Amino acid sequence: MHRDFWHERWDEGRIGFHQDQVNPYLVRYWSGLGIPIGATVFVPLCGKSRDMLWLRDQGYAVVGVEIVPRAVEAFFAENALTVKSRPHGAFTVWEGERIKILQGDFFDLTPEDVAGIAAVYDRASLIALPPAMRQRYAAHLGGILPGNMKILLVTMDYPQEQMDGPPFAVTEQEVAALYQENFEVKMLCNEDILSITPRFQQQGLSRLLEKVYVLRAH
């Protein structure tokens, strides 16, 4: 998927992946990860997610990465956050009120960019990418993260032939294949949400499962 795809989605306002409310799985399961208050949490492909505000309000520092400038601008503007921006390598860094977003390509991140990260929250990254890019994403993430890492991962699973992604279907088997070399993978939740998501019903899906995992580095 080329970056132009995401620029067009934001320019046209086709951002159905954005949630106006804090993700309920984040609220339900985050405390179980045992991440110390004051630690830094990484949110890849963050868009303008309000989940970053929730994490900040729990006492964490937040680092996101987002390729679309419009999304980053909207996040700080819509939440009335004081922000400063500066160039930094391949990125423009937007930073204010304990939230920092690296505006640029996730695949340009280096270990130095995420040094000191204690955990990752991935609600909309893995499912935003087609299969070949998911492999590349997981490999790059594993290559840049510090050791002793925990990840809270939210995925969707449905018959892929019934709908074009994104969001893409990601099976339990694929999550294991992508991450089990470096992480212990444990499923926390497997919920059928088709009955409460009309836009996916309209796509003709016969089932739609949301699955939540915690990944702990070996």
Side-chain angles (χ1 to χ4, degrees), residues 17 19 22-67 71-72 75 91 93 95 98-129 133-156 166-168 170 172 174-189 210-218:
F17 47 83
Q19 295 182 337
V22 174
N23 186 273
Y25 300 120
L26 174 63
V27 177
R28 187 187 310 174
Y29 294 113
W30 185 259
S31 63
L33 272 64
I35 308 302
I37 300 299
T40 301
V41 180
F42 179 48
V43 184
L45 283 63
C46 62
K48 59 175 184 176
S49 172
R50 296 186 62 82
D51 295 342
M52 293 188 286
L53 295 173
W54 186 88
L55 287 163
R56 190 275 310 271
D57 291 345
Q58 307 312 302
Y60 299 97
V62 178
V63 174
V65 64
E66 170 57 47
I67 199 167
V72 182
F75 173 76
F91 297 92
V93 178
E95 190 166 11
R98 301 190 72 222
I99 297 176
K100 178 170 70 174
I101 299 180
L102 304 173
Q103 189 273 303
D105 192 328
F106 167 85
F107 294 105
D108 288 333
L109 288 171
T110 68
E112 291 72 25
D113 292 320
V114 292
I117 298 295
V120 177
Y121 170 59
D122 178 352
R123 180 198 73 81
S125 303
L126 192 65
I127 61 174
L129 302 172
M133 289 191 73
R134 292 199 290 269
Q135 295 176 354
R136 184 183 172 206
Y137 167 84
H140 188 67
L141 188 65
I144 62 175
L145 289 176
N148 219 16
M149 183 62 48
K150 295 178 182 177
I151 301 175
L152 186 66
L153 171 65
V154 182
T155 67
M156 288 183 169
F168 291 96
V170 179
E172 183 178 353
E174 183 178 1
V175 171
L178 290 173
Y179 291 107
Q180 65 185 358
E181 181 177 348
N182 298 312
F183 294 90
E184 172 196 354
V185 179
K186 179 182 179 182
M187 184 185 292
L188 300 176
C189 177
E210 260 186 338
K211 300 181 180 182
V212 183
Y213 303 85
V214 60
L215 283 56
R216 293 182 171 88
H218 292 314

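As the structure is a prediction and not an experimental result, all values here were calculated from the model.
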So Y121 and M52, side-chain contact (heavy atoms from CB on, under 4.5 Å) or not? Walk me through it.
CA-CA 9 Å; Y121 170 59; M52 293 188 286; over 6 Å; no
Can you sort out the partners of R28 under salt bridge (Lys or Arg N to Asp or Glu O under 4.0 Å), two or more places apart, ordered by chain and number?
E191
Minimum-distance pair of heavy atoms, taken over all atoms of P166 and A128:
CB-O, 3.9 Å
Once rounded to the nearest 0.5 Å, what's the spacing between atom CZ of F91 and atom CZ of F106?
9.5 Å
Mind checking what makes side-chain hydrogen bond (donor to acceptor under 3.5 Å, both in side chains) contact with K150, not counting sequence neighbours?
none
Which is it for V43 and D51 under the side-chain contact (heavy atoms from CB on, under 4.5 Å) test, yes or no, and what are the steps along the way?
CA-CA 9 Å; V43 184; D51 295 342; over 6 Å; no
Distance check, rounded to the nearest 0.5 Å: Y137 atom OH versus L178 atom CG?
10.5 Å
Heavy-atom count check: over 12 atoms from other residues, nucleotides or ligands less than 6.0 Å from N148 CG?
no
One should read off an interatomic distance between Y25 OH and Y213 OH, to the nearest 0.5 angstrom, of 12.0 Å
Looking only at non-hydrogen atoms, find the nearest pair between C189 and Y29 and report the distance.
CB-OH, 3.3 Å
L153 versus V185: any side-chain heavy-atom pair under 4.5 Å?
no
If you measure from NZ on K211 to CD1 on I127, what distance do you get to the nearest 0.5 Å?
13.0 Å
Applying side-chain contact (heavy atoms from CB on, under 4.5 Å), run through L188 and L152 and close with a yes or a no.
CA-CA 10 Å; L188 300 176; L152 186 66; 4.0 Å; yes
Would you give the length of the straight line joining atom CZ of R123 to atom CG of L26, rounded to the nearest 0.5 angstrom?
10.0 Å
Of V62, D122, I151, L109, which is the lone residue that meets side-chain contact (heavy atoms from CB on, under 4.5 Å) with F42?
L109
Of the non-hydrogen atoms in L45 and S125, which two are nearest, and what is the gap between them?
CB-OG, 3.4 Å
Which residue pairs pass the side chain to side chain donor-acceptor pair (under 3.5 Å) test with at least one member in residues 176-185, sequence neighbours excluded?
none
Check whether any side-chain N or O of Q103 sits under 3.5 Å from a backbone N or O of I67 as a donor-acceptor pair, and report yes or no.
yes
Which atom names give the shortest non-hydrogen contact between R98 and Y60, and what distance separates them?
NH1-O, 3.3 Å
Counting only N and O atoms by type, is there a donor-acceptor contact under 3.5 Å from the side chain of R134 to the main-chain atoms of L129?
yes
Closest approach of I35 and A119, non-hydrogen atoms and distance?
CD1-CB, 3.7 Å
Closest approach of P146 and A115, non-hydrogen atoms and distance?
CG-CA, 4.5 Å
Roughly how far apart are M187 CE and T155 OG1, rounded to 0.5 Å?
7.0 Å
Mind checking whether V41 and W30 have side chains closer than 4.5 Å, heavy atoms only?
yes
